[in-house]
Amino acid sequence: MPELPEVEVVRRDLEREVVGKRVKSVEADGMRSIRRHHSRKQFAGRLEGKKMTGVERRGKYILVKLEGGDVLVIHLGMSGQLVRSKGTREQMAKHTHVVITFTQGGQLRFIDPRTFGEMFVTELDIVEKEVNELAHLGIDPLENAMSWEEFGRLVASRHAKLKSMLMDQKFLAGIGNIYSDEILWGAGLRWDRMSDSLSPEEIRRLYRAMMETLQEAVKYRGSSLADEQYVDLYGKPGEFQEHHKVYAREGEACRRCRRPVVRQRVGGRSTFFCEACQV
DNA sequence: CGATCTACCTGATGGC
DNA sequence: TGCCATCAGGTAGATC
């Protein structure tokens, strides 16, 4: 579900809502969402009594810094949601797996029907070295600004299809199935163009489309598809889906040339593009 | 190195 | 109404 823009929206909401709050108690309904821990007790023990001091993002990972040098790492997977509850008595949504209650009142709830998401606590200074998935993350396009020339060198040094290159978390951190298609439409490039075949002009277009698409998506608070599985911390869906150019628009008119948007299955996933204006 | 498949899960939807 | 297939924002690991 959530890609870089959605995770960034949740990060900003968390910064506003949980920084400065102290954890009073933690409830987990099983081990699935906290599978890296030995026990629920051990997970809760590392959180209880700690104040949350900051919220960062690395690609699709959220890092909630804790007083004392630990960090709560959160990945939302395909269907994970973080939702704030003002009190403790609000109805518990189905598939709520972790509930963090604050001493100041209110809760942070982790809801995840498909359970591909997870949370775990580790030490902040080792998280980017010893947690494999984070250690191998590539450049985060919004966090680590890079020039288009630098981007171009990286792109040209690989030999991969553009869509899989954009989605490779070891290369760029945060881009998934929706935004890779939207970026490639913005750049006027096909998903299966090879990364080492681009002209300087095409590299510049790709870089520009990547930055603009991600920034716009954050501005519109992310994309929620028909099932509205993605919502922000306050339970509100995003609005960027209304600005999608190709994703989930099969058969609809391309916003540039009016030809129907095509859907193709690539490696088991849907890819949307315009056959006329992406070359 | 890159591409492709499977597995991990639940739920919504559409055809018959 | 039920049953079955297909689809859904992610990632890791095996295999070629």
Side-chain angles (χ1 to χ4, degrees), chain A residues 1-11 29-36 57-62 73-82 93-97 110-120 131-138 140 154-184 191-197 213-214 217-218 220-232 236-244 246-251 263-272:
Chain A
M1 152 210 193
E3 303 180 30
L4 187 153
E6 293 76 34
V7 177
E8 175 61 17
V9 169
V10 172
R11 186 201 69 76
D29 70 344
M31 289 308 292
R32 174 84 184 144
S33 300
I34 53 168
R35 49 190 173 265
R36 297 193 200 211
R57 183 181 60 72
R58 303 276 187 277
K60 298 171 195 168
Y61 290 83
I62 292 170
V73 181
I74 306 166
H75 194 287
L76 300 173
M78 286 280 263
S79 59
Q81 299 176 348
L82 283 176
K94 203 174 170 187
H95 305 294
T96 301
H97 301 304
F110 179 61
I111 304 158
D112 188 10
R114 294 178 71 182
T115 71
F116 294 164
E118 64 165 330
M119 300 178 118
F120 59 92
V131 177
N132 247 287
E133 296 90 319
L134 282 122
H136 298 143
L137 279 185
D140 186 306
L154 287 169
V155 169
S157 71
R158 323 191 113 218
H159 180 70
K161 291 179 177 157
L162 289 181
K163 171 148 173 152
S164 57
M165 182 198 72
L166 290 174
M167 288 177 62
D168 180 354
Q169 302 299 300
K170 296 186 185 72
F171 177 62
L172 288 169
I175 296 169
N177 206 36
I178 293 179
Y179 294 103
S180 56
D181 284 4
E182 292 298 312
I183 289 166
L184 289 169
W191 64 273
D192 54 355
R193 273 290 295 281
M194 296 306 286
S195 56
D196 53 2
S197 78
T213 302
L214 296 174
V218 173
Y220 286 100
R221 299 192 63 78
S223 302
S224 297
L225 300 190
D227 57 14
E228 285 198 2
Q229 281 215 66
Y230 163 70
V231 289
D232 66 18
K236 261 191 68 164
E239 287 173 8
F240 191 68
Q241 65 280 2
E242 289 156 33
H243 302 266
H244 284 180
V246 283
Y247 193 85
R249 294 190 68 240
E250 183 185 13
R263 175 165 89 151
Q264 197 173 325
R265 286 198 82 74
V266 179
R269 328 192 58 176
S270 289
T271 294
F272 299 87

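In what follows, every chain begins at residue 1, and chains take the letters A, B, ... in the order their sequences are listed. Hydrogens, waters and symmetry mates are skipped; everything else that's a heavy atom, side chains included, is used.
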Practice item. Between B/dC9 and C/dG13, how far apart are the P atoms? Round to whole Å, please. Key: 16 Å

Check your understanding: Quick one: A/H136 NE2 to C/dA12 P, roughly how many Å, whole number?
Key -> 10 Å

Study note, to complete from the structure: For DNA chain C, the dot-bracket notation using Watson-Crick and G-U wobble pairs below 3.5 Å, [ ] for pseudoknot-type crossings and | for other-strand pairs, is .|||||||.|||||||

Review point. Rounded to whole angstrom units, what separation is found between the NE2 atom of A/H75 and the C1' atom of C/dT11?
Key: 7 Å

Exercise for review: Kindly indicate, with the supporting measurements, whether the criterion salt bridge (charged side-chain N to carboxylate O under 4.0 Å, His left out) is fulfilled by A/K163 and A/D181.
Suggested key: CA-CA 7 Å; A/K163 171 148 173 152; A/D181 284 4; 2.7 Å; yes

Exercise for review: Let me know the distance between CD of A/Q241 and C1' of C/dA8, rounded to the nearest Å.
Suggested key: 15 Å

Review point. In whole angstrom, what separates A/K170's NZ from C/dT11's P?
Key: 10 Å

Point to revise | Nucleotide interval of DNA chain B bounded by contacts with chain A (heavy-atom cut-off, under 4.0 Å) | key: B/dG2 to B/dG11

Exercise for review: Give me the residues of residues 154-169 of chain A where at least one heavy atom lies under 4.0 Å from an atom of DNA chain B, by number, or none.
Suggested key: A/R158, A/H159, A/A160, A/K161, A/S164

What nitrogen or oxygen pairs link the protein and nucleotides 4-6 of chain C at under 3.5 Å?
none

Point to revise | Partner residues of A/E133 under the side chain to side chain donor-acceptor pair (under 3.5 Å) criterion, sequence neighbours left out | key: A/R36

Point to revise | Crowding at NE2, A/H243 (>12 non-hydrogen neighbours, <6.0 Å) | key: yes

Check your understanding: Can you find a donor-acceptor pair, distance only, under 3.5 Å between A/R114 side chain and C/dA8 base?
Key -> yes

Point to revise | Below 4.0 Å: OP1/OP2 of C/dG10 and any side-chain N or O of A/S79 | key: no

Revision key, fill the gap. From CZ of A/R35 across to C1' of C/dG10 the rounded distance in Å is 11 Å

Check your understanding: Could you state the CG-C1' distance from A/D112 to C/dG10, rounded to the nearest angstrom?
Key -> 11 Å

Check your understanding: Residues two or more places apart in sequence or in another chain: which of them pass ring-ring contact (aromatic ring centres under 6.0 Å, His included) with A/H75?
Key -> A/Y61

